[in-house]
Engineer: 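For reference, the structure I am asking about is given below.
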Amino acid sequence: MSYFLDVILPLPLERYFSYRITAAEAGMIQLGMRVAVPFGKSKIYTGIAVAVRENIEVAYDIKDIEFVIDEAPILQKGQIKFWEWIASYYLCSVGQVMKAALPKSLLLESETIIQRNEETTVEDDELTDQEFLIMEALENRKAMKVDEVASLLDRKTVLPILRNMLSKHLIILQEELYNTYRAKTEKYISLAPEFQDEDALRELLDSMTRAPKQREVLMTLFMMRAGDKPVKSKDLETRSKATRAVMKSLIDKKILLETEQEVSRMLMDRQTGHELYELNDAQEVAYNEIKTAFEDDKVCLLHGVTSSGKTEIYVKLIEEYLVLGKQCLYLLPEIALTTQLIGRLQHYFKHQVLVYHSKYNLNERQEVWNLVLDAHEPYVVIGARSALLLPFADLGLIIVDEEHETSFKQFDPAPRYHARDSSIVLGKMKSSQILLGSATPSLESYYNTTIGKFELVELKKRYNNVLMPEINMIDIKEKHRKKRMTGHFSDTLIEAMTQAFKNDEQVILFQNRRGFAPIMECNTCGHAPQCPNCDVSLTVHQHRGQMRCHYCGYHTFIPKECIACSSTDLDTKGFGTEQIEAEFLEIFPQRKIARMDLDTTRGKYSYEKLIDQVENREVDALVGTQMLTKGLDFRHVSLVGVLNADAMLNFPDFRSHERCFQLLTQVAGRAGRTEKRGTVLLQSYNPYHMILQQVSTYDYKTMFKEQLQDRYQFKYPPYQRLIRITFKHRDYNTTLQAGEWFVGALNQIEHGVEVLGPEFPPVSRVRNLFNVHVLVKMGKTHSPETIKGFIAKVKRSFESIKQYRAVRCNIDVDCY
Ligand code: ADP
Ligand code: ZN
Ligand code: ZN
């Protein structure tokens, strides 16, 4: 009798691969275990066992597996079924889903790059001979592929050795290098030594009768102080109700000393927060409606205005499921996974909170994977998109917060899945309840509530009846005409900011574009420096003295003269966050401003650091791109200024109006979240634009109705399904011809299905590759399975054409 094993490989292969195994292996291998297998001429991959079979007919030259990696499955029962659904719905391979799902440390393969872990020091005699050889090689070469280790040791199976070295922290996988850990610091206050004894202190207090606020701070410090230990600046500030300015004058006078100390992130996270709140009446009603929807096994959409207390409802639900011993999944867009929120949850649920997202390193991610797999306890996993692919057993509840966020859809590489939509399928498979939440639901989800597919639950007021911020429009065309603009700031905005600062409040400025100015243009010949790899102009980053490409990262110095005509009359057109920052400092030289955009938030904790700065009131203003919109909860922001609301309206995209509404409403929601009503000033050249009017009156329903009409008329989701096929190649003509060939072949597609293109998108060359799009639109009467099957078949024929072998062809189902 001979035995065979079907294996999923992390590759874009249409089917599972079969290998020969021994009878003993057949007896011990369980489905969902990893095996190392050879593939191609010399590669080794980690695969997943999916089926053991006896005596099958195989057409190709079948190989033996290398070895079995695990002693127990690393997947949950039924998990592969979900992978298979993603693969078939989004037209990719199960292997590609596997690759997206497994933390890389579970996926060692020939191409993996390893490096010495500089943080571990070992004596040579603690190493085995093989480990010694590898460490020595890494001393000289900095990095090596697994392949190269194999040839160094002259043996095929090096994965067990490397796995061992990984667990001993001798080596790291290259990706981890980017996770530079920065310790979190916090400011502490202590009394200067000369005032430490009581007499000196009394004398000091007596001398301060004319500065009652400063005196109050000292009294509070005296009461808070246990022994001579410093207290947290933030605590002292709140307890004494002092402003930062009062604190600062005491520090400047050297009466108080301020020091910065490292705090353990975990400890810190667990200390913040408060006990579980009682829900108020409105929340209680919403909560009961959600439960009723769950009893009917319906997906529930919670539409609650910003700061209405949605998160508290989630917390209450999570608590209930955890008590029942069920797992919970709390999905958020990557960038909304702030320490603010994580701290809040950890305070309630302690170690039962697991966090899973890309800024966590591989070890941390693998740890979460293992904990979820073992499920010794109920956990709530809070994570971005890919947390959906964790090995959940008894999953009771899935929450998708900020469900309108387009970043839930993976764009590249495959699987191009939508985490919200996929979570609904996972929920059906696992009998879990699903709650979607947003202050600005996607048209798709809201539409589903109108046709009875989802249940709608609403929270129309902010918690504590705090009023929604007042939104005022500022006509900047008018302001320019009357010469009331200072740079990009209108006099109205400047006045409002001045007032806010006087009241000791903070300001948020929104400009949906980073950098100093988008482009530099020659006033003599009109030339604008272009990226050599992409079809876009370079963006000026004054701060670094660079021009950068936002598509590929190419950068170069800012030229002194035009490279086309040598004229020195160069001008910058448009503006970004960096320029706003500079203009702000010209207008308010005494004030401090921080900037939040892709450039300032690259490091692991740099985003958190910015948030801390705002929370601790180290800055008066924060300027940022759309990152600002993601669920930030600041207590002292009373004013939000939008520098130019028009930029977002003019994108050639059927979702641009919807997105503009969502973005502006969310930014506006950052103002006045506690007690005092906030103000939002929207600067625009078109203050009477329909969407801006709807934003300023919080009229979601009208926006929804009007947009839905457009979607119907122009045949877009939710009425139609879209599939985009993209072709990429270095050569313009080849790319276009590939698209034309494909459109020709799709000719046979069902009657009534539209095939549009081939067409070059607005940015048609990226990283030296031309892009061509073909769009397939189908109505709800067509069977998506049939259409997708047909497209997949055409793709197979396409890939067998020699001329197009080098053309990349990607399919994006439900594209954005
Ligand atoms: P959302 O998620 O809708 O934006 P949050 O849940 O963050 O709103 O609530 C907004 C603010 O109101 C938070 O500071 C929160 O702590 C507070 N809050 C919400 N519900 C309650 C409650 N039942 N009791 C006390 N405070 C609450
Ligand atoms: Zn020129
Ligand atoms: Zn580029």
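When a ligand or atom number is given, it counts from 1 through the structure's own listing order.
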Engineer: Considering only heavy atoms, which of Arg462, Glu402, Glu312, Arg344 lies nearest to atom 5 (P) of ligand 1?
Structural biologist: Arg344
Engineer: When you look for heavy atoms under 4.0 Å from ligand 1, do you find them on the side chain of Gln666, its backbone, both, or neither?
Structural biologist: neither
Engineer: Only one of Asp571, Ile558, Leu538 forms a side chain to side chain contact (heavy atoms under 4.5 Å, CB included) with Met520, so which one is it?
Structural biologist: Ile558
Engineer: Salt bridge check, Glu505 against Lys676: does any charged N sit closer than 4.0 Å to a carboxylate O?
Structural biologist: yes
Engineer: Need the ligand 1 atom indices (1-based, order shown) with element for anything under 4.0 Å from a heavy-atom of Ser308.
Structural biologist: 1 (P), 3 (O), 8 (O)
Engineer: Quick check for you: to the nearest 0.5 Å, what is the distance between Leu331 atom CG and Arg385 atom CZ?
Structural biologist: 10.5 Å
Engineer: Can you find an N/O atom of Thr306 closer than 3.5 Å to an N/O atom of ligand 1?
Structural biologist: no
Engineer: On a heavy-atom basis, which atom in Cys562 and which in His527 lie closest, and how many Å separate them?
Structural biologist: SG-CB, 4.0 Å
Engineer: Counting heavy atoms only, which part of Gln283 comes closer than 4.0 Å to ligand 1: side chain, backbone, both or neither?
Structural biologist: side chain
Engineer: I'd like to check the side-chain contact (heavy atoms from CB on, under 4.5 Å) partners of Lys241; sequence neighbours left out, ordered by chain and number.
Structural biologist: none
Engineer: As a test of understanding, state which of Tyr348, Tyr277, Tyr330 forms a side chain to side chain contact (heavy atoms under 4.5 Å, CB included) with Val315.
Structural biologist: Tyr348
Engineer: Take the Zn ion (ligand 3) and tell me which protein N, O or S atoms are nearer than 2.8 Å.
Structural biologist: Cys531 SG, Cys534 SG, Cys549 SG, Cys552 SG
Engineer: Under 4.0 Å, counting heavy atoms only: does Gly304 come that close to any atom of ligand 1?
Structural biologist: no
Engineer: What atoms of ligand 1 come closer than 4.0 angstrom to any heavy atom of Glu278?
Structural biologist: 22 (C), 23 (N), 24 (N)
Engineer: Is Gln283 reaching over with its side chain to a backbone N or O of Asn280, donor-acceptor style, under 3.5 angstrom?
Structural biologist: yes
Engineer: Starting at CD of Gln546, measure out to OG1 of Thr539 and round the result to the nearest 0.5 Å.
Structural biologist: 11.5 Å
Engineer: Which of the listed options, Asp281, Thr311, Val466, holds the heavy atom that is closest to atom 2 (O) of ligand 1?
Structural biologist: Thr311
Engineer: Output all residues satisfying ring pair (Phe, Tyr, Trp, His ring centres under 6.0 Å) with His657, sequence neighbours left out; order by chain, then residue number.
Structural biologist: His689
Engineer: Heavy-atom contacts under 4.0 Å between Leu279 and ligand 1: side chain, backbone, both, or neither?
Structural biologist: backbone
Engineer: Measure from atom 1 (P) of ligand 1 to every heavy atom in Glu284, Lys310, Arg635, Lys316 and give the option owning the shortest one.
Structural biologist: Lys310
Engineer: What is the distance from atom SG of Cys300 to atom CG of Leu456, rounded to the nearest 0.5 Å?
Structural biologist: 7.5 Å
Engineer: Which residues satisfy the salt bridge (Lys or Arg N to Asp or Glu O under 4.0 Å) test with Lys560, sequence neighbours excluded?
Structural biologist: none
